[in-house]
Visitor: 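Dropping the structure in here first, questions after.
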Amino acid sequence: MKYLLLQYGNETAMMNLPKEEASQMHGAYMAYTEAMKKAGAYVGNSGLRPTSDATTVRAPGGKVSVLNGPFAETKEQLGGYYLIEAPDLDAALAWAKRHPGAPHGSIEVRPVWA
Amino acid sequence: MGVAKTAEAVARRSYGKLIAFLAARTRDVAGAEDALSEAFAAALVEWPASGIPRAPEAWLLTVARRKLIDAARRRQTGDEAVGTVALLADELSAAADDEREIPDERLRLMFACAHPAIDAGVRAPLILQAVLGFDAATIASAFLVAPATMGQRLVRAKSRIRQAAIPFRVPERAELAERLDAVLEAIYAIYAEGWSDPVGTHARSRGLAEEAIWLGRLVVSLLPQEPEALGLLSLMLHAEARREARRDEQGEFIPLDRQDLARWDAALIDEAEALLLRASRMSAAERFQIEAAVQSAHAARRLTGRTDWVGIVQLYDTLLGLTGSIVVAINRAVAIGMAHGTAEGLAALNALQGDARLAEYQPYWAARAALLADTGSADEAAEAYRRAIGLESDPAVRGFLQDQLAEITFS
């Protein structure tokens, strides 16, 4: 089973982390990714640039419009993802709980359409 | 025993066991249910002609497996189908050996049904359906939900088990306590639905209390070292022991303090006490054990002729610390009233004011009314009784409250 772990958090707070904390966070992500690879659970991951760089395309009824900004203005924003391979939901949830972003927001776990 | 009777008996005894075993590999509860119901239908056709098989459970399992494989073939094409069919066929040959005991995986099934990824409100209904074979309409009527709504929730939950790959597994030690809690909660919710209808006016509800106790016994037999499982069973048995005594011959409600002790079921109380004792030797008491201990304190009246209200207050103190539940807080206030006087009980109850949930919670108003009536505040008591009456759904309890109201307004 493949699962996508979507990390949501307050991107402004994340970008304004003091230097020391930011580098600690970076280290935590590196270690997390590494552990995932060693365990054979890693499929892929990326961090996303902030929503201020987002552009949204809408095409209601075929009428296309291009909007400057994210899909929705929310308190927590999608900040990145991991695609993992896990035998079942409990195994995926175990990875979500270890996610360095978990203490600063939430990790949504979505089974990927097989 | 006739064929239909045998099939029915096997269905009752084996339903959850067969569903659990069929669904554990594929995580497809709905598919297992369909296959098993087809197998039962086949049994009703074939058994009268060929005789009842020596191992009816294994016979049903084999037929249900074949139905599952057929369904998988029909539904899927390509690699996925080959995988599923191979998986099922493997085990089909193993199950063909009639003498082999079918492993009991009902506990795993219950852990899947009560998984944190399943909406808490649908866990108990899901267990009723998957483990006990209740249909959606029956469950809906027990939980006071429209049948279509309940059907939809059950379908969604089963789809979730399959699509999100919720495992059929008894969790590891580290997680067991928390996850077992959800299973026990669900069983208790089933019991509570049955308990609210003590005379069994609705045969289905009466059945629910018995089924919950059956599930409680099952969990205890499979996890004999889990004190909270023992605590829950003890709690349910204590409550069950007083079922008959809660109604008089006319079906009128009799509150605990006026019950005829001779009508309490002594055998059930003894069993409940033994379970609680066993649990207390294992670890510090948690929620269900403490609730059982409260019931045990009430049951002691059978022997001592009195109720240790001071002890009960202490138990509720601990319970309130553990759960923070408003229901516990109300019961605690009532116990304080009994132990230390009405004024103190009322003060404890007043401390809860401001909680919005109380506006719809009958036990709060009934407790308040009784305490106020004792202090002689007849007008306020009458007002509280009217709120309680308006919130009650059980006609017998409503009648009792109306009698109480009449007593204070005409005295």
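For clarity, every value in this text was computed on a predicted model and none was experimentally measured.
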Visitor: Report the distance from atom CG of A/L93 to atom CD of B/E175, rounding to the nearest 0.5 Å.
Guide: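 One gets 8.5 Å once the value is rounded to the nearest 0.5 Å.
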Visitor: Which atom names give the shortest non-hydrogen contact between B/A164 and A/P111, and what distance separates them?
Guide: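 That would be CA-CG, 3.6 Å.
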Visitor: Has A/M30 got more than 12 heavy atoms of other residues, nucleotides or ligands less than 6.0 Å from its CE?
Guide: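 Atom CE in A/M30 is not crowded, with 12 or fewer foreign heavy atoms closer than 6.0 Å.
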Visitor: Is there a side-chain contact between A/D90 and B/E172 in this structure, where contact means two heavy atoms from C-beta onward sitting under 4.5 Å apart?
Guide: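 Counting from C-beta outward, A/D90 and B/E172 never come under 4.5 Å.
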Visitor: State whether the number of non-hydrogen atoms from other residues, nucleotides or ligands found under 6.0 Å of A/N68 atom CG is greater than 12.
Guide: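 No, CG of A/N68 has 12 or fewer neighbouring heavy atoms, counting only those of other groups under 6.0 Å.
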Visitor: Would you give the length of the straight line joining atom CE of A/M1 to atom CD of B/Q163, rounded to the nearest 0.5 angstrom?
Guide: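 A/M1 atom CE to B/Q163 atom CD measures 7.5 Å (nearest 0.5 Å).
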Visitor: Roughly how far, to the nearest 0.5 Å, is NE2 of B/H115 from CG of A/L89?
Guide: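 Output value for this atom pair is 5.0 Å.
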Visitor: Are more than 12 heavy atoms, taken from residues, nucleotides or ligands other than B/K17, located less than 6.0 Å from that residue's NZ atom?
Guide: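 Correct, the count exceeds 12.
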Visitor: Is chain A contacted by the side chain of B/R160, its backbone, both, or neither, given a heavy-atom distance below 4.5 Å?
Guide: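 Contact with chain A: none, neither part.
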Visitor: Inspect the surroundings of CZ in A/R98 and state if more than 12 heavy atoms from other residues, nucleotides or ligands are less than 6.0 Å away.
Guide: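 Yes, enclosed.
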Visitor: Closest heavy-atom contact between A/Y3 and B/A165?
Guide: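 Looking at all heavy atoms of both residues, the shortest contact is OH-CB, 3.1 Å.
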Visitor: From A/D88 CG over to B/R169 CZ, what is the distance, rounded to the nearest 0.5 angstrom?
Guide: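 Answer rounded to 0.5 Å: 4.5 Å.
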